[in-house]
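Here is how names work: the chains are called A, B, and so on, in the same order as the sequence lines, proteins then strands, and each is numbered from 1.
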Number of protein chains: 2
Amino acid sequence: MLRTALSALLSLEDDIDVVGSAGDGLEGMELTRQLKPDVVIADIEMPKKTGLELANWIKDQKLATRVIIVTTFARSGYLRRALDAGVSGYLLKDSPGDVLPDAIRTVYNGGRTIDPELATQAWSEADPLTDRERQVLRLSAAGLTSSQIASKLNLNDGTVRNYISETISKLSANNRIDAARIARDKGWL
Amino acid sequence: MLRTALSALLSLEDDIDVVGSAGDGLEGMELTRQLKPDVVIADIEMPKKTGLELANWIKDQKLATRVIIVTTFARSGYLRRALDAGVSGYLLKDSPGDVLPDAIRTVYNGGRTIDPELATQAWSEADPLTDRERQVLRLSAAGLTSSQIASKLNLNDGTVRNYISETISKLSANNRIDAARIARDKGWL
DNA sequence: CCACGAACATGACAAAAGTCATTGTTTTGG
DNA sequence: CCAAAACAATGACTTTTGTCATGTTCGTGG
């Protein structure tokens, strides 16, 4: 719905043409390859392929296409990963409606547009979690007990508790629930 | 952004006039009072007042205005509460873009439009939680320990554990994390 | 090559969480 | 008004978590 609505919004601008519209990340790649647009607008959380994967793919293919991420999530971890993937813009869905056309123009002319709210806190903290820790924390956040996580990952019960204990202290959280909440908020999960 | 984009989308329809647009629930009430529109499109999770509160307010005021909820969340609990609040439509943001204009027409003519995916499962289960249980579970989901919750609510430590134990068994969950997840998914939190 | 950090494991202990039975007091709907 | 619910508390008990110390293995970068 947002997609069609944004198409409608952008069609009203004289200097912007909407050349295509994709329902998921994979379709997005396909269309980008075929149409070679100047600018791609993508969400992060999409079916099949995320917006970050799409951006990385565009970077790897060395296409001239620039990427603007438009997403719901004001998470510094997302922004950081997006910038690593070479995107030119990162906007929030709840920013005023007229910023998108402006952002497209800026980016088309080689500039960058980062949501001001996020730009400041972006480089404040790096993700301190290791892959294993993240993985364990994710399962824990899904409501599994330590032993369930252990058997799912073929680990020892105590090992899992160690990982969780590590994440709790790294994130200075109260407990595993708190740790998961903090990691999620920062975009580290 | 979705708001302006939807305005643009709906402006393209000949038989639909966008008479106003509000940034939060309170503004929505204010505008509804002034403009008395035929149909109001509202999200559920909004600042100040939720879409459900807005719908209830419209019902209480006995206005002729009909309400369509457009939200991200496919939660049966939300739909149920929305229907209790007398809304005429409940659509998901990720449904195709052309359903909204049709929905508006249907609702304007006295009909109802409920997202088919949700309509089936809507009456499957009622929220089994009491107010207290919900309240305690919410704090627990925020990462507080039982004793922190207890002192926040002026309750006894064990009482809080009892409530959580109750919710866990009512929702047949593994633990408090799981219980919170289940409740959230159903829209009971 | 070797230091370092990751991943994995064990055991022991303390703290928190979860269960159950029981007993009251309010609220509230028929 | 009465019966159900909801709300609140206590105690006793088990299980799960969280912490700590300690040790092994393995791969990468300087």
Practice task
Could you list the residues that satisfy side chain to side chain donor-acceptor pair (under 3.5 Å) with B:Asp115, not counting sequence neighbours?
Solution key: none

Handout entry: CG-CG distance between A:Asp24 and A:Leu54, expressed to the nearest 0.5 angstrom
Key = 10.5 Å

Practice task
For B:Thr159, report the nucleic acid contact type (base, sugar-phosphate, nothing); a contact means any heavy atom under 4.0 Å.
Solution key: base

Problem - Nearest-Å distance for atom pair CG/P, residues A:Leu129 and C:dA6 - result: 11 Å

Completion exercise
Atom CD of A:Gln148 and atom P of D:dT16 are separated, to the nearest Å, by 10 Å

Fill in the blank from the handout: Note: B:Leu92 and B:Ser95 closest approach over all heavy atoms is O-OG, 2.5 Å

Exercise for the section: Could you check which of C:dA9, C:dA7, D:dA8 has an atom nearest any side-chain atom of A:Tyr163? Expected result: C:dA7

Handout entry: Aromatic A:Tyr108 / basic A:Arg105 pairing, under 6.0 angstrom, 45° off normal
Key = no

Practice task
State, to 0.1 Å, how close A:Gln135 and A:Leu153 come at their nearest heavy-atom pair, and which atoms those are.
Solution key: NE2-CD2, 3.6 Å

Fill in the blank from the handout: Rounded to whole Å, CZ of B:Arg132 lies from P of C:dT28 at a distance of 14 Å

Fill in the blank from the handout: All heavy atoms of B:Leu171 vs all of B:Ala179, minimum pair found to be CD1-O, 3.4 Å

Practice task
Treat primed atoms plus P, OP1 and OP2 as sugar-phosphate and everything else as base, then score nucleotides 24-30 of chain D 5' to 3': B for base contact with protein heavy atoms under 4.0 Å, S for sugar-phosphate contact only, - for none.
Solution key: -------

Problem - Spacing of A:Glu133 atom CD relative to D:dG18 atom C1', expressed in whole Å - result: 15 Å

Practice task
Using a 4.0 Å cut-off on protein heavy atoms (strictly under), produce a 5'-to-3' string for nucleotides 12-19 of chain C with B for base contact, S for backbone-only sugar-phosphate contact, and - for none.
Solution key: B----BBB

Practice task
Examine A:Arg75 relative to A:Tyr78 and say whether NZ or CZ is less than 6.0 Å from the centre of the six-membered ring and inside a 45° cone about the ring axis.
Solution key: yes

Handout entry: SB check B:Lys93 B:Asp43 (cutoff 4.0 Å)
Key = yes

Handout entry: Between C1' of C:dG5 and NZ of A:Lys170, the distance in whole Å
Key = 10 Å

Fill in the blank from the handout: Smallest heavy-atom separation, A:Thr4 atom then B:Gly97 atom, equals OG1-CA, 2.9 Å

Fill in the blank from the handout: When rounded to whole Å, the CZ to P distance for the pair A:Arg134 and C:dA6 reads 12 Å

